[in-house]
Amino acid sequence: MRRIILIFSGSLIGLVLLIYLIFFYSDIELTSQIPAVFKDSNIKYEFNNGMTYIHESGQIRFPITDDDTTLYVLNGAGQDLTSYFIDDISKELVIKMNIVDAKTRKTAYFQVVKVPKAKLNAIIQVDKVRVRVNYFNGHALLEYDLTTKQSKTISHVSGGK
């Protein structure tokens, strides 16, 4: 009887841990403030109709920065980022964004994608990382320079064919 209780308890603890890892632990973090790692980026944002938009010169943007161990990509929450992966063929960090099922919130929120630099080694080219944000029928392709800590938009394709 005691053995059955121990097996049941262990299974229950394992199930709770698995649920936590799947649903709550992610490399995409939701936060109510712009993280301190972006303090020098002078980020401007707008909270409108329950969604947070980060913009510069009238264009939506995805600020990128890094420290010794991690690359960070910031997004205004609403049209949420859902996942990311490293594309070894195109040598890009690919982030998927859900623009179809937007989530409105009562206050401004942000999402931060945290990618360990060890995962990026295969795609770094001349101290630069390409980041592609895919959404519905479009994408934004960015390039981040690890030396100068500057990013630029390479291309932006939205909707349609």
Side-chain angles (χ1 to χ4, degrees), residues 1-41 43 45-55 60-125 127-144 146 149 151:
M1 183 68 174
R2 187 177 210 183
R3 186 175 180 167
I4 293 172
I5 291 173
L6 285 174
I7 291 171
F8 177 76
S9 298
S11 298
L12 186 61
I13 290 170
L15 181 63
V16 168
L17 181 61
L18 182 64
I19 290 171
Y20 171 78
L21 290 174
I22 291 172
F23 292 106
F24 297 106
Y25 181 77
S26 173
D27 290 335
I28 301 177
E29 179 182 306
L30 186 66
T31 179
S32 60
Q33 297 179 350
I34 296 173
V37 73
F38 288 97
K39 71 180 181 328
D40 295 332
S41 299
I43 295 171
Y45 71 91
E46 176 184 350
F47 180 70
N48 190 5
N49 294 324
M51 296 176 56
T52 307
Y53 301 96
I54 298 172
H55 54 85
I60 303 293
R61 68 181 206 135
F62 301 94
I64 303 171
T65 193
D66 71 299
D67 60 20
D68 293 337
T69 61
T70 309
L71 180 80
Y72 302 89
V73 181
L74 187 65
N75 178 48
Q79 296 178 334
D80 289 351
L81 305 176
T82 58
S83 63
Y84 77 85
F85 64 94
I86 305 296
D87 186 337
D88 291 325
I89 296 168
S90 66
K91 303 285 188 205
E92 297 171 343
L93 167 64
V94 180
I95 302 172
K96 294 182 180 179
M97 175 185 256
N98 181 358
I99 65 170
V100 176
D101 186 24
K103 295 178 182 163
T104 58
R105 294 175 170 86
K106 293 182 181 182
T107 59
Y109 273 88
F110 304 90
Q111 284 184 296
V112 184
V113 178
K114 299 177 181 179
V115 185
K117 282 192 177 173
K119 288 185 176 181
L120 297 173
N121 286 336
I123 65 168
I124 294 174
Q125 297 178 340
D127 286 338
K128 294 181 181 178
V129 176
R130 285 193 171 206
V131 178
R132 179 181 302 273
V133 180
N134 285 340
Y135 50 88
F136 196 53
N137 279 342
H139 71 266
L141 180 60
L142 312 157
E143 185 175 75
Y144 178 71
L146 295 163
K149 299 191 180 293
S151 62

- Message: Is it the case that atom CD in Q33 sees more than 12 heavy atoms from other parts of the structure closer than 6.0 Å?
- Response: no
- Message: For Y84 versus K114, what's the shortest heavy-atom pair and its separation?
- Response: OH-O, 3.7 Å
- Query: Is it true that R105 and D80 have a side-chain N and a carboxylate O under 4.0 angstrom from each other?
  - Reply: yes
- Message: Can you confirm whether more than 12 heavy atoms, excluding those of Y45, are under 6.0 Å from its OH atom?
- Response: no
- Task: May I ask you to test the Y72-T70 pair for a side-chain heavy-atom distance under 4.5 Å?
- Result: yes
- Task: Report yes or no: does E92 contribute a side-chain atom to a donor-acceptor pair with the main-chain N or O of R132 at less than 3.5 Å?
- Result: no
- Looking only at heavy atoms, what is the nearest atom pair of T52 and A108, with distance? OG1-CA, 3.3 Å
- Task: Using a cut-off of 6.0 Å, state whether more than 12 heavy atoms not belonging to K117 lie near its atom NZ.
- Result: yes
- Item | K149 atom NZ, over 12 foreign heavy atoms within 6.0 Å | yes
- Task: Evaluate the side-chain proximity of Y144 to R130: yes if any heavy-atom separation is below 4.5 Å, no if none is.
- Result: no
- Mark yes when over 12 heavy atoms from residues, nucleotides or ligands other than N49 sit less than 6.0 Å from its CG; otherwise mark no. no
- Residues, nucleotides or ligands: over 12 heavy atoms within 6.0 Å of Y109 OH: no
- Closest non-hydrogen atom pair, P35 against V112: CG-CG2, 3.2 Å
- Item | side chain to side chain contact (heavy atoms under 4.5 Å, CB included) assessment of V113 paired with N75 | CA-CA 8 Å; V113 178; N75 178 48; over 6 Å; no
